[in-house]
Amino acid sequence: MIDIKILRENPELIEESCKRRGMDIDVQKLVDIEKEYRALNQKVQELQAERNKLSKECKDNPDARVQVKEIKIELSEIEEKATVLKKDLDDGMGWLPNFLAPEVPDGYVDEDNKEIRKEGVVPSFSFERKDHQELGELLDIIDTKRGAKVAQAGFYYWKGKGAQLCSALFFWTQQQLVNRGFELFMTPCAAKEKTLFGTGYLPFFADQTYGLENEDLALIGTSEQTLVGYHADEMLKGEDLPLSYTSYSPCFRTESGSYGKASRGIFRVHQFHKVEQIVFCKPEDSHKYHLQCLDNEEYLLKKLGIPYRVVDVCVGDLGAPGYRKYDIEAYFAGFDGYREVTSNTNLTDFQSRRLGIRYKDKDGKKGFVHTISATAVTDRVVIAILENNQKEDGSIIIPEVLRPLVGFDVIEAPKK
RNA sequence: GGAGAGAUGGCCGAGUGGUCGAAGGCGCAGCAUUGGAAAUGCUGUGUAGGGGUAACUCUACCGGGGGUUCGAAUCCCCCUCUCUCCGCCA
């Protein structure tokens, strides 16, 4: 949510960021609604003041009762109008995107993202490489057919040593983050509209959400929703910040409208699994923790031996709630290219204003916290391991750091 | 699923029609005391919004929504949530 004072005093700033994002929003109309609402509200308050004053006189002045009754009628008419305007105002404010960091690259699609650096050595192969779909079937560790049979196309099973590898990766990642100062959570996998609105997923990503019938609940698209929502309507102590939370959860997304995109295998699915990083911090620190979350992501990929590149995400690929975003794209040998595995957004006070997450310092200074939302790992990292660590027969070398957890070094290919 | 109790400020908790934005406590801040601290004492301390250069002032808010009344934290109705007991259950 954008501070309504900015709408009032510097609407050109909002127009500018909408324009840069290519969003067609009538900011001026919103300014007018706000103005009208404020005038009406002022009138309401004047009448209320008069009413309050007169009611105090009622004990010894019977005429006052009659006057108050008249005021009440006038008041209810104006209040009715004000309520309508307030709703329009709230709806309009809910659709305003966050401001943009000045450094965000211009552009409309992911090809416009700016590469910051490349790390790791891209593996070379003396044989014909397979993609994860082929490897998954060969090794009997990914089952998309039965996923579709039991649930729907876009759902899948991890199985056997593949499932072991996933479990190990998620567990290991959580441990690494705990070692880096994060507190571990297990969260609800459903959340109500208020929470989804507050985190910015509504109204902007309404078509991505799996709602539950006859309930004010939807399956979470990410545990960001439940972790950030955790502190809704709370006043945090300044000295407790930053609060760094992590959790593992399934993530549900309808992915409507994305069928055209490269989606062989389980790269883009209706349910995936993610270890998330969330930071609540003071406004002046959000840039620092944004970079720290990025460092955590890079640390994990380096330990796992996965080559990657970091990109500075462009305006069009950023998402309305985001102020600045770094993606990491890992190298996938089967795809022979870099594809998104993590995404790390500084949301500034966009979510905290919607959710009412504030902090108070000992000296009484108050403000809205900033939030950082960053992926740690997802199933896609497992896919990268499969594709990059394959041998000619299709067997997979397990990354060293995960070997103690899975209890084997290789997922062996079946004998012919 | 059945029965009952409850929701008040950063937290706990009193308050059953006007003098209540709300006692008291905790917490927090300042001052005093101290070599320093603890303890103690005194003072201050809700949130959001409007108006004013400012001192200040007005409005709203006691889970949410509606109603009664000149006037509602308090009375009435609806909803949501929480807790306790019973049943069922991973």
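Each chain gets a letter, A, B and so on, in the order the sequences are listed, and its residues count up from 1.
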Counting primed atoms, P, OP1 and OP2 as sugar-phosphate and everything else as base, the B/S/- map of nucleotides 57-63 of chain B against protein heavy atoms under 4.0 Å is -SBS---

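Taking atom P in both B:U43 and B:G36, one finds a spacing of 24 Å when rounded to whole Å. Taking the C1' atom of each, B:U59 and B:U40 are spaced 42 Å apart, rounded to whole Å. Taking the P atom of each, B:C28 and B:A39 are spaced 10 Å apart, rounded to whole Å.
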Walk me through it: do A:Ser247 and A:Ser223 pass the test side-chain hydrogen bond (donor to acceptor under 3.5 Å, both in side chains)?
CA-CA 7 Å; A:Ser247 89; A:Ser223 60; 2.9 Å; yes

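Base contact: A:Lys72 has a heavy atom under 4.0 Å from a base atom.
Annotation: cation-pi geometry not satisfied between A:Arg253 and A:Phe272 (NZ/CZ under 6.0 angstrom from ring centroid, within 45° of ring axis).
Between A:Lys87 atom NZ and B:G65 atom P there is a gap of 15 Å when expressed in whole angstrom units. Regarding A:Leu54, its CG atom lies at a distance of 11 Å from the P atom of B:G71, rounded to whole Å. Across the protein-nucleic acid pair, A:Asp233 atom CG and B:G9 atom C1' stand 15 Å apart, rounded to whole Å. Distance, A:Lys365 NZ to B:C28 C1': 17 Å, rounded to whole Å. One atom, CG of A:Asp216, and another, C1' of B:G65, lie 16 Å apart when rounded to the nearest Å. In this structure, A:Leu7 places its CG atom 15 Å from C1' of B:G49, rounding to the nearest Å.
A salt bridge between A:Lys81 and A:Glu77 is absent, with no side-chain N of the basic residue lying under 4.0 Å from a carboxylate O of the acidic one.
Nearest heavy-atom pair, A:Leu169 versus A:Leu304, reported as atom, atom and distance to 0.1 Å: CD1-CD1, 3.6 Å.
The ring of A:Tyr326 has its center closer than 6.0 angstrom to the ring center of A:His290. If you look at A:Tyr245 and A:Phe280, their ring centroids are closer than 6.0 Å.
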Could you go through nucleotides 45-47 of chain B and list every protein N or O atom that sits under 3.5 Å from one of its N or O atoms, giving the distance for each pair?
unit_1 : atom_1 : unit_2   : atom_2 : d
B:U47  : OP1    : A:Lys366 : NZ     : 2.1
B:U47  : O3'    : A:Arg358 : NH1    : 2.8

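Look at B:U69: it lacks any Watson-Crick or wobble partner with both distances under 3.5 angstrom. Judged by Watson-Crick or G-U wobble contacts below 3.5 Å, the nucleotide B:U19 has no partner. Remark: B:G87 base-pairs with no nucleotide; criterion is Watson-Crick or G-U wobble with both hydrogen-bond distances under 3.5 Å.
For the OP1/OP2 pair of B:U69 and a distance below 4.0 Å, the side-chain nitrogens and oxygens of A:Arg65 include no atom meeting the criterion.
Residues A:Ser373 and A:Glu276 have side chains that bring a donor and an acceptor to within less than 3.5 angstrom of each other.
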